Amino acid sequence: VEDDFEVSQLDIDNKRTLWDITTVPSDTTKIRVKVNGIRREDWTYNTTLKAIEFTAFNLVKNDTIRITTPTKELDDMNYR
């Protein structure tokens, strides 16, 4: 499952570091986060909020964030 975001001025003003994902990952070690197409590893998965949390705020307006999350359903499909 992929979740896409574009960083807004409000995100900048609030120094937003939390980005919700729309599914529960089957394996949190396989979540992939890219900003402007470049893979990032400076984040953690917040199980309580079901969100990616960047460890530092270093985004700029109009950055694009893509979070790819593995799910049980997708894992099962890959083995068929």
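This structure is a prediction, so every number in the text was calculated from the model and none was measured.
Connection of L49 to I31 is not established within any shared hydrophobic cluster, with ILVMFWY side chains joined at heavy-atom distances below 4.5 Å, either directly or through further cluster members. One hydrophobic cluster, built from ILVMFWY side chains closer than 4.5 Å, holds both F57 and F54. A single hydrophobic cluster is not seen to contain both F5 and L18; linkage of ILVMFWY side chains at heavy-atom distances under 4.5 Å, directly or through other members, places them apart.
For the side-chain hydrogen bond (donor to acceptor under 3.5 Å, both in side chains) test, residues two or more places apart in sequence or in another chain that qualify with D3 are T22.
Across all non-hydrogen atoms, the minimal contact from P70 to D27 is CG-O, 3.4 Å. The two atoms that bring I67 and I21 nearest to each other are CG2-CG2, 3.6 Å, heavy atoms only.
Contact annotation: the side chain of D20 never approaches that of K50 to less than 4.5 Å [non-hydrogen atoms, C-beta and beyond]. The shortest distance between side-chain heavy atoms of D63 and V60 falls below 4.5 Å. Residues L59 and D11 form no side-chain contact, since every pair of their non-hydrogen atoms from C-beta on lies 4.5 Å or further apart. At a threshold of 4.5 Å between non-hydrogen side-chain atoms, the residues E53 and Y45 do not count as touching. Contact check for R40 versus N58: side-chain heavy atoms found under the 4.5 Å cut-off.
Side chain of T55 to backbone of D42: a donor-acceptor contact under 3.5 angstrom is found. Looking at N36, its side chain does come within 3.5 Å of a backbone N or O of T64 through a donor-acceptor pair.
Expressed to the nearest 0.5 Å, how far NZ of K34 lies from CZ of R66 amounts to 8.5 Å. Distance CD1/I65 to CD/E6: 10.0 Å, rounded to 0.5 Å. To the nearest 0.5 angstrom, K30 atom NZ is 11.5 Å from T71 atom OG1.
Environment of NZ in K15: sparse, with no more than 12 heavy atoms of neighbouring residues, nucleotides or ligands closer than 6.0 Å.
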